[in-house]
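A short write-up of the structure that comes next.
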Amino acid sequence: MKFWFVLFALLMGCSSVKENKSLSENIHIDVEELKLDNGMTALIVSNPKLPIFSLQLFYKVGGKNEVPGITGASHFLEHMMFKGAKKYGANTMDFIIEGSGGSTNAYTTNDQTVYYENLPSSELDKILDIESDRMENLLLDTDAFNKEREVVLEERKMRYENSPRGQLYLEMMQTLYKGTPYGRSVIGDIPDLKSVTREQIFKYFKRFYAPNNATLILVGDIDVSRAKHIIKEKFGKIPSSPSVEEAHKELKDEDFVPKEKVDQVIAKKGESPSPIFMLAFPTYKAGHHKGYALDVLSSIIGSGKSASLVNQYILIDKPIATSMYSAHQSLEKSGFFFIGGELVRGVKLPEFRLDLVSKLKGFCQSEITERSIQKVKNNYLTGLYGGLDTNAGLGSFLGERQLIFNDWRFYKQELDMYEKVTVKDVKAECEEVFAKPSVFVSVWNMHK
Amino acid sequence: MKKIFSISLLSLLSTAAFGASFLDSIERMKWGDLDVVWVEDSKFPRFNAAFYFQGGSLSDPFSGLTQGTFDQMASGTSKESQREIAEFFDFYGADLKHSVTHEYSVYSVQGLTKDIEPVMSKVCDLFTDAQYPQKELSSYLSRAKSQLKNLVTSHSALADRIFRQISLTETPYATPVEGTLATFDKLNPVGMKERLAELNKTKKVLYLSGPSDISKLKDILAKKCKWTSETTVKRLELKKPSSQSAIYLVPVPGANQAQIRIGRYVIPSEIKGKYDHFGFLAGFLGGGFTSKLVQELRVKRGLTYSAGAYVSMQRDYGRAGIMTFSKNESAAEVISLIRDVFLDISAGKFTPEEFKHQQGHQIGGFSFGFEETNAFLSQIMLYDHQERNLQELVNFPELIASLTPEALKQANLEAFPWERLTIVVIGDKSLEKSLSRIRPVRILNYQDYL
């Protein structure tokens, strides 16, 4: 098996294009797929350039799977996954991985928890043994559990309590998704983090950490047939979770729809001498066809030095903002479009908010042109190259799609959708999204 | 635990033996006055051109001039406005970046190979015809000042800035590359054009990667950029840092956590010929979850989320340091624990297994530095700047394998002598009492360092 990737100068219009193939037809990633009887999926891509590989293990569990009282459970569990299992005891796996020159870490989002390792090729058997051990036999040692609680609380301080930007994001999510699972804090509320028990986390682990809720990705210098054999041997014996399917079915899309019918304006006191803000609008879940036009819209108005927001608020004689950005965030069950930035001192927030909302609506007519869409597509192409340059980047690209869409090949549909986005599509989505009820949150030390 | 140390260094060494073939892939050329280091990379149809300029902020008559000169280079030429220039590069998906250090500057351009001609021609236009219009400069200064005043929103970034200024106070390296509130107003179009003209005449090296048809860049640079290498920069000689007797406490509003920085500057004679020893020490202390500091502070005691160590060099100076944070009430304990770790290593109180573990970590990790061509080129650039032979890079695994515990002990003694280390803590003012048990405390105002 060989990883090959052929891309020609596509995304028509930017230069002389002689190929008639679409972008998706020109990108071929040679993925070997393995499905175990217990429901686990493994994707393997061989790239023998260097004697290294990347492993990523995606679990379909995150903040949205938690219930009030155990907010932060997914993230806390992520920490505990490094604290030892039956075969590879406390503090052991880090030593094995780092002792061979590898690195490891993990992250937790609203929808998923992902463990990743970058290792020399010689360590494939060992890391698969480690990952299967902790999937099946996590220790959750009580002493380690209580010590790690303190570490999580320190991480929370660093990312949110001592960070006005962290406070801003948390407040925006909690307001936009109030009353829905996305409105809970992924890192957890302090009372929950202080009270959650080892037994509660263990129960959560047993439900969600199972082969039928996991996708394993391997990219790098790997003998594919041998890797498949080891995966079957190590993970094939682990029983599937009888209740995880039910847990996912319980989460209906409609339960994630933002409920606010009018604009919300939140002023939060925080240690930021200049006001920082986010303005968010509800959109669509990942994979929705309208989301691709919104991705393009977010790039037109908020990406690069020539973005509309930069021209309107930063590169002017008397700057109103020092930074402005926008993005469209697609989550598994919902999505949101947001604009954020840092304002200069002296700007009056209420007037700025009204001006921004008005300008956004104006952008729908003035900023969306054939050229601006082509510009986004050109940038998307260079970004794609950058994202796929490493084993880890390619693994993440495949894993995200397998987890959310249950099909890593979904990237082809996505590329097709980006390629087909027109001025009319983006204008229509622009008009629609900026007419929706919004959430405007600001953090500033002048707020009461 | 036995399994942990069953790593075979020989096996790791054999997998790291490809380094020589990477050296073979480097082609060094001369394009007129421009030195070129070229690595072919055909994985994607894109190029990356990183221009090394011999000269950084040490050449500035006031802090922030070189940074501002690069920051505002695209703010207008005699033919095009800032917006037109931005629109041009964004349209082609070209990524323009620059970084200024005290000793050198790097301007890099990444784009699609098919667009190399228009993109690089426009880059040359900027170098030859940047006008630094006053209107755009005023806007830039207004934003820069506002952002700097808001630095207090990131306690970590604030700690880094203040630590540099205090720990390097006896040297010209103390001044922040990006400028200060006091020096911003000295920036003006005439001075920036002069600085750009100087940069156009200083020695440059192009570190280039991309498909083979990239060679047309040679003509573009010769015709459009017209660079020369007439001037070279002056070298500095620093004295060793003097003793430190205080802890510098910088109170910030609303801090429920303390940012801790400990370290000193290093001079070349201390590190020459021993880069790998000091790199090994940094990894042993703070490189990853299994490093000594993370084990002592986080794993055993739950006092912090992260701790890191570094011993890094430019050419004429370097820095050795520790960075971590903790809750306010644990800050003094964390500093004491760090001191104990230093004392233990200097006394040789570490196990052969811990030592071998770090050897495995560094030898096994060697391959990852070659995964991205740009990262590989950056390594070459740093080696060139430090005037080091690239053979050292290839020999790295063998050098690490041959290190002895005594070398680690000695490196620690040299890099982290407690009495010469500067300690800076950003946190709540109430920390004064607990910190004074370690050293006398001097309270500083963070606004004096902006």
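A, B, ... follow the sequence lines: proteins, then strands. Residue 1 opens every chain.
- Between B:K356 and B:E353 there is no salt bridge, since none of the side-chain N atoms of the basic residue sits less than 4.0 Å from a carboxylate O of the acidic one.
- Ring pair B:F22/B:F376 is perpendicular by interplanar angle, where above 60° counts as perpendicular and below 30° as parallel.
- Options A:N311, A:D94, A:V344, A:V310 differ in how many heavy-atom pairs under 4.5 Å they form with chain B, and the most are formed by A:N311.
- Note: B:Y305 leads B:F89, B:F370, B:Y140, B:Y305 in heavy-atom pairs under 4.5 Å with chain A.
- Ion pair B:D90/B:R83 not flagged as a salt bridge, since none of the NZ, NE, NH1 or NH2 atoms sits closer than 4.0 Å to an Asp/Glu carboxylate oxygen.
- The environment of B:K135 atom NZ is sparse: at most 12 non-hydrogen atoms of other residues, nucleotides or ligands sit within 6.0 angstrom.
- Cation-pi check for B:K122 over B:F88 is met; the charged atom lies under 6.0 angstrom from the ring centroid and within 45 degrees of its normal.
- Only the backbone of B:S326 comes within contact range of chain A, judged by heavy atoms closer than 4.5 Å.
- Closest approach of A:L388 and A:G393 over heavy atoms only: CD2-O, 4.5 Å.
- For B:T304, the part lying near chain A is the backbone, with the side chain staying farther off; criterion is any non-hydrogen pair under 4.5 Å.
- Listed options B:K300, B:E372, B:R46 were ranked by heavy-atom pairs under 4.5 angstrom with chain A; first place goes to B:R46.
- Interface remark: A:L153 contributes no atoms to any contact with chain B (heavy atom separation under 4.5 Å).
- Of the two parts of B:F325, only the side chain, counted from C-beta on, holds a non-hydrogen atom closer than 4.5 Å to a non-hydrogen atom of chain A.
- Both the backbone and the side chain of A:N391 come within less than 4.5 Å of a heavy atom of chain B.
- Between B:K43 and A:D389 a salt bridge is recorded (basic side-chain N to carboxylate O distance below 4.0 Å).
- Of the two parts of B:K145, neither the backbone nor the side chain holds a non-hydrogen atom closer than 4.5 Å to a non-hydrogen atom of chain A.
- For chain A, the option among B:N256, B:L151, B:D95 with the highest count of heavy-atom pairs below 4.5 Å is B:N256.
- Per-residue heavy-atom pair counts under 4.5 Å with chain B were compared for A:G102, A:P273, A:S121, and the maximum is reached by A:P273.
- B:Q72 and B:E136 share no donor-acceptor pair across their side chains, judged by distance under 3.5 Å alone.
- When heavy atoms are compared at a cutoff of 4.5 Å, A:I97 does not approach chain B at all.
- Each of A:K305, A:M158, A:K318 has some count of heavy-atom pairs under 4.5 Å with chain B, and the biggest count is that of A:M158.
- The closest side-chain donor-acceptor pair between B:S139 and A:D317, if any, does not fall under 3.5 angstrom.
- With respect to B:E87 and A:K375, a salt bridge is recorded, a charged nitrogen being found less than 4.0 Å from a carboxylate O.
- By the 30° and 60° cut-offs, the orientation of the rings of B:H98 relative to B:F70 is parallel.
- The cationic group of A:R371 lies under 6.0 Å from the six-membered ring centre of B:F91 and within 45° of the ring axis, placing it in a cation-pi geometry.
- Ion pair A:E342/A:R165 flagged as a salt bridge, since at least one NZ, NE, NH1 or NH2 atom sits closer than 4.0 Å to an Asp/Glu carboxylate oxygen.
- For chain B, the nearby parts of A:T390 are the backbone and the side chain; heavy atoms of each come within less than 4.5 Å.
- For CD of B:E40, the number of neighbouring non-hydrogen atoms (other residues, nucleotides, ligands) closer than 6.0 Å is greater than 12.
- Proximity to chain B is limited to the backbone of A:S303, based on heavy atoms less than 4.5 angstrom apart.
- For A:A144, no part sits under 4.5 Å from any heavy atom of chain B, backbone or side chain.
- Both the backbone and the side chain of A:L315 come within less than 4.5 Å of a heavy atom in chain B.
- Only the side chain of B:Q295 comes within contact range of chain A, with at least one heavy atom under 4.5 Å from a heavy atom of that chain.
- Looking at A:R156, there are no atoms closer than 4.5 Å to chain B (heavy atoms on both sides), in backbone or side chain.
- With chain B as partner, the option from A:L119, A:L343, A:I276, A:N445 having the largest number of non-hydrogen pairs under 4.5 angstrom is A:L119.
- Proximity to chain B (any heavy atom under 4.5 Å) is restricted, for A:K49, to the side chain, taken from C-beta onward.
- Salt bridge present: A:D129 and A:K87 bring a charged side-chain N and a carboxylate O closer than 4.0 Å.
- Heavy-atom distances place the side chain of A:E148, and not its backbone, under 4.5 Å from chain B.
- With respect to chain B, the highest number of heavy-atom pairs below 4.5 Å among A:E150, A:E154, A:R149, A:M93 belongs to A:E154.
- For the options B:H155, B:E84, B:Q110, B:Q362, heavy-atom pairs under 4.5 Å to chain A are most numerous at B:H155.
- Ranked by heavy-atom pairs under 4.5 Å with chain B, the list A:V152, A:T382, A:V376 is led by A:T382.
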